[in-house]
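To start, the structure itself, in structure tokens.
Here is how names work: the chains are called A, B, and so on, in the same order as the sequence lines, proteins then strands, and each is numbered from 1. Keep in mind the model is a prediction, meaning the values are calculated, not measured. Keep in mind that the numbers below use all heavy atoms, side chains included, and drop hydrogens, waters and symmetry copies.
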Amino acid sequence: MNNNMIKITDLEKYYRTEEVETIALNKLSIEVKEGEFVAVMGPSGCGKSTLLNILGLLDDADGGSFVFNGIEVAGYNERKRADLRKRNIGFVFQSFNLIDELTVFENVELPLIYNNVKAADRKKRVEEVLDNLKIMHRRNHYPQQLSGGQQQRVAVARAVVNSPKLILADEPTGNLDSSNGNEVMQLLTELNEKGTTIVMVTHSEHDARYSHRIIRMLDGHSVTENILI
Amino acid sequence: MFKNYLKIAWRNLWRSKSFSFLNISGLAIGIAAASLIIIWLLNEVSYDRFHTNANRIYNVYNSDLNDGKIGCWNTTPKVMAKAIQQDYPEVETVVRVNWPQQLLFTVGDKKLKAAGNFVDSGFLKMFSFPLIKGTANTVLNNNYSIVITESLSKKLFGNEEAVGKTVLLDNQDNFTVTGVLKDIPTNTQFDFEYLIPWSYMRTKGWDDDFWGNNSTNTFVQLKKEASLASIAPKIKTLRSKYDKESPKMETFLYPISRSYLYGRFDNGKESGGRIETIRLFAIIAIFIILIACINFMNLSTARSEKRAKEVGIRKVVGAEKKSLIGQFLGESILISFIAGVLALIIITISLPYFADLVQKKLSINFSDYRFWLAGFGIILFTGLLAGSYPALYLSGFKPVAVLKGTFKKVNALVTPRKVLVVTQFAFAIILIIGAIIVRQQLLNAQDRQTGYSKDNLVYSFLEGDIEKNYSLIKNELLSSGIATSVTKTSAPITEGWSNSWGIEWQGKNPHDKTVIDRYCADDDICKTAGLQIVQGRDIDLDKYPTDSLAMLLNESAVKHMKFTEPLGQIIKDNDKDWHVVGVVKDFILKSPYRPIEPMIIEGAAGWFNVIQIKMNTIKSTRKNLAAAEAIFKKYNPNYPFEYKFVDEQYAKKFDNEKRTGKLAGLFAFLTIFISCLGLFGLASYMAETRIKEIGVRKVLGASVFSITRMLSKDFLTLVIIAFAVGAPLAFWGMYKWLQDYPYHITIEWWVFALAGFTAILIALLTVSYQAIKAAVANPVKSLRTE
């Protein structure tokens, strides 16, 4: 529990349009230890999604340092980032982001395909995950045929199928009713208990209480940290 | 991974059926059209390249300075072959081939005509026309041996063995069949059903040693170790040693593999020829494929918002740009493959019609692996070309942007999509303008006064006993009321068979080597052919017995010879003194596209090949012909009565241009059609993406018309830009094309107006369907979807 999985220092990110320059992250420094469950909160526009994108190696920073698992990744090009991402990071989105043309099984299988896992192995692992998340019976359905809660379960299954070290969740319950939302939070907690590091952006104080620590952000930097356990 | 791509590609195709339909049908039509052109062009470029020794065989050409210009032509004196064989050790074989001859074949009761050549005995060793029976070395060794093709053998002898059998030719001599050839392919300049040894010509006294008679084709095959470069400077001066008359005329060897495609000379230099047509249509083929690919690119990128999410997700779960490019290319290749299969069906169905249009025998050899290789090549090429831009475009999406919904399409002034639409329509407009101008030029030439009367004029060749019984036949045709006038001539009135620079008249400049057309007619030529007499009179043997040496001049000849008083002038030709009795108005003997050349018409002392009959219009043509047949049968019993209508023969002069016009029209139509498929798709996506905007506008009071106009305006602007790009290019191209025709139209502004208007109208119809559909939709529905 003592190793830093994420250590960012003085991270900066700007968005420029023709007229204005917006500072999304303003010399932000935070650390996340291996096995931690961290919630990031703050008002709209405070930079929490930007932070999550940078942590997820989907976006690069304009300044500062980002050490992931002991490696400096600030300045990585897209190919290197994609490579690191596909082996280490799983994503869960508010709007599920499943591919409509693929079945449940095929959606979950996708990360394994991009990690060059053999077909027989893929089948075994996908079925294992679907079984764990109790959506095995829906394996041949398409996303449109599922309820929101079920879709988010598929999304979680897809995020964990590759056994990532880090899961990034962007308001995972935002599109769900409370009972489905609680189920998803329960799932994340179980994953965390099995050793997966989780960073979750949320607006919900209720959801945030599932985490170990809450980072509150305002105008691009962290203002307080509440340690819950 | 590949399976996954294929799966998603297939499901995507299936889910958006109308998009798939537009894409696949556009590509299929494009591939089919381009493939038809390619099949045709491959046939054209393969002309005479299949001979084993093709790269060592040359056609002998002459070149000579005349009026400051170098003229080149490939008919040589018959005696030249012997000189070449003797004087140049580099030469392996020399072969002469005379003009194709129609001969009457008689086997028992069977009589039929076939065309073929007299050739030197080395012909079948030089050219690779395989024998089914007989050996190339010996089949043409005997004066009275004959080699026939398989199909002529079938016609003459059925399934019986032909070799050893005897045929009677032209009711004169018996020949023994010594060999049977496989039917000759269509991609050769030769066209014969039989071959007869040149030595037979000698026995008949048809061979000559006269250097001034340039009448036969001579082919040379060089030895393996010899090079053209070494023999060229030596053979150049061949004539200086033998030809007393024109010692300065030069001789050169021209590769047979080039003669079909490049064999046109301008001032001593190769100046294109068929290769120009081939290049033009190759460009058209490439453009048609390109235009179909542009549809695919436009429709794929227009739909990008639908695919953006998928790209984002795939990237998030670990896809690299590379693998996404692979996926999208795989999709386009799949679509191209389906289109290819469809195209194959279209090609198979339409090939006979297309072959008819280009007047070639074209076929697909399905058992040839090269056909499939080429087919897959085209599919792969099309798939990669069509998929390249969408693949790069779609795979470049940033996952953060597309998944967070901040992804928005930009409405830039110049987008690749707009450029592509402009390209399509510019090309279509060029083809429309081209088609109109070719057609105008054709009509213009067809409308040109021929200077004679084609109606009810038929002709027949003087075969068998016709010449012997000519006056009997003529009298009977006239007295029975079948004909109003009959004459015999040296050639059909639609063809110039003879010309000369050796004609002399008083006051001729000794350096004048202008070629003058020579024609012969015994009597009543003006009356029969309807030539208009400007001065003097027609040739009339009945009234003026000395008219066997009478001569008519056309107006151009009078002008060229600078006669102020043409009547009574003496003109020397072929060692005879002809006296001018009349001047006729210029008429078109050869090309309706060229200026009329000076021409002389010699009287009955000339030589004759054709009988021309002006039919009496009191009876029907059918009755006249039936009666004429009886007369010909009576006086020429061994030959079938065959005749040709002058108006039909004249119409054939326009075949080339008609073909060009039809092809330009066809491909203009296809281009427009494919472009409109794409435009239709684009318009429907545009209507789809702006559905909310349209709803809001309607709620605020916009009329259907104003919305339709708003939606159509963008596309029309593109077509107008395309016109601005295409019109000057079309003008330039057609201006150059017309320069090949000395008698040609001038390009007028309304052609461009018509083409532009047509393109805009068609585009408007295509777009407005979608625009009106979007505009009349109930706004409540579209706004509720939010």
_Heavy-atom closest contact (B/Val317 atom, A/Lys86 atom, distance)_ = O-CB, 4.1 Å

*Which pair of non-hydrogen atoms, one from A/Ala82 and one from B/Ala319, has the smallest distance, and what is that distance?*
CB-O, 4.5 Å

_Nearest 0.5 Å, please: how far is CG in A/Asp83 from CD in B/Glu320?_
6.0 Å

*Can you measure from CD1 (B/Ile313) to CZ (A/Phe96) and round to the nearest 0.5 angstrom?*
12.0 Å

*Does B/Lys309 reach the main-chain N or O of A/Leu98 with its side chain, forming a donor-acceptor pair under 3.5 Å?*
yes

_Minimum heavy-atom separation for A/Arg85 and B/Val316, please, with both atom names._
NE-O, 3.6 Å

*Count the heavy atoms belonging to other residues, nucleotides or ligands that lie under 6.0 Å from CZ of B/Phe21, then report whether that count exceeds 12.*
no

*Mind ranking A/Asp59, A/Leu58, A/Asn107 by heavy-atom pairs under 4.5 Å with chain B and telling me who comes out on top?*
A/Leu58

*Is a donor on one side and an acceptor on the other found under 3.5 Å between the side chain of B/Arg314 and the backbone of A/Ile99?*
no

*Mark yes when over 12 heavy atoms from residues, nucleotides or ligands other than A/Lys118 sit less than 6.0 Å from its NZ; otherwise mark no.*
no

*Got more than 12 heavy atoms from elsewhere within 6.0 Å of CZ, B/Phe337?*
no

_B/Lys315 versus chain A, the contacting section by heavy-atom distance below 4.5 Å_ = both

*Which residue pairs pass the salt bridge (charged side-chain N to carboxylate O under 4.0 Å, His left out) test with at least one member in residues 104-113 of chain A, sequence neighbours excluded?*
A/Glu106-B/Lys7, A/Glu106-B/Arg11, A/Glu109-A/Arg122

*asked:* Are more than 12 heavy atoms, taken from residues, nucleotides or ligands other than B/Phe673, located less than 6.0 Å from that residue's CZ atom?
replied: no

*In terms of heavy-atom proximity below 4.5 Å to chain B, should A/Arg81 be classed as side chain, backbone, both, or neither?*
neither

